[in-house]
Amino acid sequence: GPTEAEHMVINPQGCEGRKIDLELPEGALLQLAMGHVSIESTLLAHPNACSEAIDDEALGLLNTIFPVGHPFMWRTDRY
């Protein structure tokens, strides 16, 4: 991720917008939101999730929005 000296400017001029529609099952979206899986593996598992091709810029943005983490579940919460 960016260090203190680096930063990311999204839509710097405020005049260009982009919309990416992803249609994912609830379970896949939950895993993505919780950082359990990457956007790349989610898109590979669900190839029809996006109707348009995702370029490197959009993929970078999606990786920023949905970062892969180290999900943890307490032992008492496991089913």
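Worth saying up front: this structure is predicted, and the values here are computed from it rather than measured. Only heavy atoms go into these numbers, but all of them, side chains included; no hydrogens, no water, no symmetry mates.
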Asks: Name the one of L22, L32, L62 that satisfies side-chain contact (heavy atoms from CB on, under 4.5 Å) with T42?
Replies: L32

Asks: Would you name the heavy atoms of I54 and A58 that are closest together and state the gap between them?
Replies: CG2-CB, 3.7 Å

Asks: Which salt bridge (Lys or Arg N to Asp or Glu O under 4.0 Å) pairs, counting each pair once, include a residue from residues 31-53, with sequence neighbours left out?
Replies: R18-E52

Asks: Can you tell if the side chain of I20 reaches within under 4.5 Å of the side chain of C50, non-hydrogen atoms only?
Replies: yes

Asks: Would L24 end up clustered with L43 when hydrophobic side chains under 4.5 Å apart are linked, directly or stepwise?
Replies: yes

Asks: Group every Ile, Leu, Val, Met, Phe, Trp and Tyr by side-chain heavy-atom contacts under 4.5 Å, then state whether V37 and M34 land in the same group.
Replies: no

Asks: Roughly how far, to the nearest 0.5 Å, is OG of S38 from CG of L59?
Replies: 8.5 Å

Asks: Taking L44 as the starting point, is it possible to reach F66 by hopping between hydrophobic residues whose side chains are less than 4.5 Å apart?
Replies: no

Asks: With sequence neighbours left out, what residues match D56 under salt bridge (Lys or Arg N to Asp or Glu O under 4.0 Å)?
Replies: none

Asks: Identify, with sequence neighbours excluded, every residue that meets side-chain contact (heavy atoms from CB on, under 4.5 Å) alongside A45.
Replies: none

